[in-house]
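Let me begin by presenting the structure, written as structure tokens, before commenting on it.
Starting from 1, each residue takes its place in the sequence as its number. First listed ligand is number 1; within each ligand, the first listed atom is number 1.
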Amino acid sequence: MTPTRIWLDTDPGFDDYMAWLLLQAEPRFVVDGVSVVAGNAPLARTLSNALRIKALHGWATPVYAGCDRPLAQAQVTAQDVLGADAMRSVGRKLPAAEAAPTPGHAVDALIHHVRTHPGQITLLAIGPLTNVARAFERAPELPGLLGRLVIMGGSTDRGNTSAVAEFNIAADPEAAAQVFESGAPVWMFGLNVCRQVEVGPEHVAQVRAGGRPNALLFADLLQAYTEIRPGRNRQALYDPTPVAWLAEPAWFGMEPARVDIELTGRHTRGMTVCEFRVPARATANAHVAMHADGPAIMAWALASLLRTL
Ligand code: BDR
Ligand code: CA
């Protein structure tokens, strides 16, 4: 079987790390390149995390530094929730890495790679969409050259950054608007579906039982992630969820929709407004994930992690 070629656009972040691990664990995927963007933390930190992850696992994947600020608005991060390093831990930390990023800007590298492999690349975007929007600005043909654009972002119902806005969209709504209006073949995995995939103490215990140094480190990070919300020890898995769809689409229910990004609302800026009455009321621009088989996804994710860590 020919592996699926993936370009990962990311702002690590613990759940970004887990998504990347799952991609690397599956022989059916090959990660051709990684573009890092500011999001969960400023770029210096998300880039440092990406380089630490790459060094820890000895991966050869090129890692490029991307955009350090949103297109128009002031920068927001998730450090208030995820910690200053966006990698909270109950013990062990990702070791520092000496490695430098691959030379060149992430946006140029992404454009070059997609142009070189027209129709073949799945772009998996699990951070604010700044790098992707900049790439589409500079190379307007790019949306038509992508095999798929798979996004973790948005929501069909409640938000997390605001009542209705999800973090990756709220962190750069202008970029998200450009991307959803670009004509790219978008698959959207929002909070509504990621909240159906929960990680809890039983998963932490399974990873910890793996026993090897990388499993113990990952268990410490995973446990801190499950305990993000005071008084709770279960948490929705965001960025790994679209990876599960890439591995097994049958675990998901998708619906076509027209997704527009609210840019001006006083209470609703950054909302993904989803019109499901397509084509009657609007032309669809995305496939939106609505249902996920959480237990099946977690069983797969745990088996994959334990194979790798
Ligand atoms: C998204 O925001 C970030 O904090 C996570 O890494 C994920 O990409 C969830 O809203
Ligand atoms: Ca992310």
Side-chain angles (χ1 to χ4, degrees), residues 6-23 31 34-43 45-50 52-53 63 66-68 70 75-88 94 106 123-132 149-173 175-176 179 187-199 221-222 224-229 234-246 259 261 269-272 288-289 292 301:
I6 312 269
W7 185 283
L8 179 65
D9 188 76
T10 179
D11 63 332
F14 171 74
D15 64 328
D16 299 75
Y17 174 24
M18 181 165 167
W20 191 2
L21 258 180
L22 293 171
L23 289 171
V31 184
V34 172
S35 47
V36 182
V37 67
N40 280 320
L43 183 67
R45 189 70 229 184
T46 56
L47 183 62
S48 165
N49 287 343
R52 285 170 190 234
I53 292 163
V63 171
C67 298
D68 66 354
Q75 184 167 58
V76 292
T77 73
Q79 287 166 298
D80 55 334
V81 179
L82 302 178
D85 62 359
M87 272 303 160
R88 272 192 204 284
L94 282 173
L123 172 54
L124 175 60
I126 57 176
L129 290 163
T130 320
N131 285 342
V132 181
L149 172 52
V150 180
I151 292 172
M152 190 281 127
S155 179
T156 62
D157 46 44
R158 289 174 302 150
N160 55 2
T161 296
S162 76
V164 293
E166 180 279 330
F167 176 78
N168 287 339
I169 308 298
D172 196 345
V179 169
W187 275 258
M188 172 180 132
F189 294 78
L191 297 175
N192 58 296
V193 76
C194 296
R195 285 180 173 137
Q196 297 170 38
V197 185
E198 270 200 354
V199 62
L221 300 172
L222 184 63
Y225 181 76
T226 62
E227 294 171 359
I228 277 175
R229 285 180 296 169
R234 309 193 71 77
Q235 178 61 32
L237 264 184
Y238 304 120
D239 296 338
T241 293
V243 181
W245 176 75
L246 291 170
V259 180
I261 311 300
R269 183 170 151 80
M271 180 181 185
T272 43
V288 176

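Around atom CZ of R234, more than 12 heavy atoms belonging to other residues, nucleotides or ligands sit under 6.0 Å away.
Put simply, D15 stays out of reach of the Ca ion (ligand 2), with no N, O or S atom under 3.0 Å from it.
Taking 4.5 Å as the limit, every side-chain heavy atom of M87 sits out of range of all side-chain heavy atoms of R52. Side-chain contact between T77 and P42: present, with at least one pair of heavy atoms (C-beta onward) separated by less than 4.5 Å. Put simply, the side chain of D11 reaches to within 4.5 Å of the side chain of F167, judged on heavy atoms. Using a 4.5 Å cut-off on side-chain heavy atoms (C-beta onward), R45 and D85 make contact.
Among protein heavy atoms, the minimum distance from atom 8 (O) of ligand 1 is reached at D239 OD1, 2.6 Å. Looking only at protein heavy atoms, the nearest one to atom 4 (O) of ligand 1 is N40 OD1, 2.5 Å. In terms of protein heavy-atom proximity, atom 9 (C) of ligand 1 is closest to E166 OE2, 3.1 Å. Of the protein's non-hydrogen atoms, the one nearest atom 6 (O) of ligand 1 is D15 OD1, 2.6 Å.
The only option from T10, T46, D16 that meets the side-chain hydrogen bond (donor to acceptor under 3.5 Å, both in side chains) definition with N40 turns out to be D16.
Contact record, L237 with C194: O-CB, 3.5 Å, taken as the closest heavy-atom pair.
The shortest N or O to N or O distance between D16 and ligand 1 is below 3.5 Å. For a threshold of 3.5 Å applied to N or O pairs, the pair formed by D11 and ligand 1 contains no separation below that value. Below 3.5 Å of separation, one finds an N or O of I126 facing an N or O of ligand 1.
Distances from the Ca ion (ligand 2) to each N, O or S atom of D11 single out OD1 as the nearest.
Within the 3.5 Å criterion, the main-chain N or O of M152 finds no donor-acceptor partner in the side chain of D239.
Proximity of N160 to ligand 1, defined as any heavy-atom pair under 4.0 Å, is confined to the side chain (atoms from C-beta onward).
Taking every heavy atom of N168 and a limit of under 4.0 angstrom, the matching atoms of ligand 1 come to 1 (C), 2 (O), 7 (C), 8 (O).
Our summary of the site lists the angle at the Ca ion (ligand 2) between OD2 of D239 and O of I126 as 90°, to the nearest 10 degrees.
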